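The structure under discussion appears below in the form of structure tokens.
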Amino acid sequence: MFLAQSAPLYGTTGTLYGLGTHGVQPGPPLPYGHPDTGRFLASQQIHSLHTYRTVDLDELL
């Protein structure tokens, strides 16, 4: 199990909407500030795990 000590927000995941042959499609995770965020319907926030340590369940209890 991982115990996060630092997990800042990275971006979002969801569906990318656009014109063209592809139409509506699931998109890859986009970082905040990406140019395509205006056409992106976000469904979840994504955190970037930077600092963590491995712990046993007994240690948490």
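Since this is a predicted model, take the numbers as computed values, not measurements.
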Of all heavy-atom pairs linking Phe40 and Gly14, the shortest is CZ-N, 3.2 Å
Answer with yes or no whether the hydrophobic clustering places Leu57 together with Leu3; edges join I, L, V, M, F, W, Y residues whose side-chain heavy atoms lie under 4.5 Å apart.
yes
dist Leu30:CG -> Thr37:OG1 (nearest 0.5 Å) comes out at 7.0 Å
Rounding to 0.5 Å, atoms CG (Leu49) and NE2 (His47) come to a distance of 10.5 Å
Output for pair (Leu41 CG, Leu16 CG), nearest 0.5 Å, gives 10.5 Å
In this structure, CD of Gln45 is separated from OH of Tyr32 (nearest 0.5 Å) by 4.0 Å
Check: Do side-chain atoms of Thr12 reach the backbone of Ser43 as a donor and acceptor pair under 3.5 angstrom?
Finding: no
Problem set entry | Heavy-atom side-chain proximity of Phe2 to Thr54 below 4.5 angstrom | yes
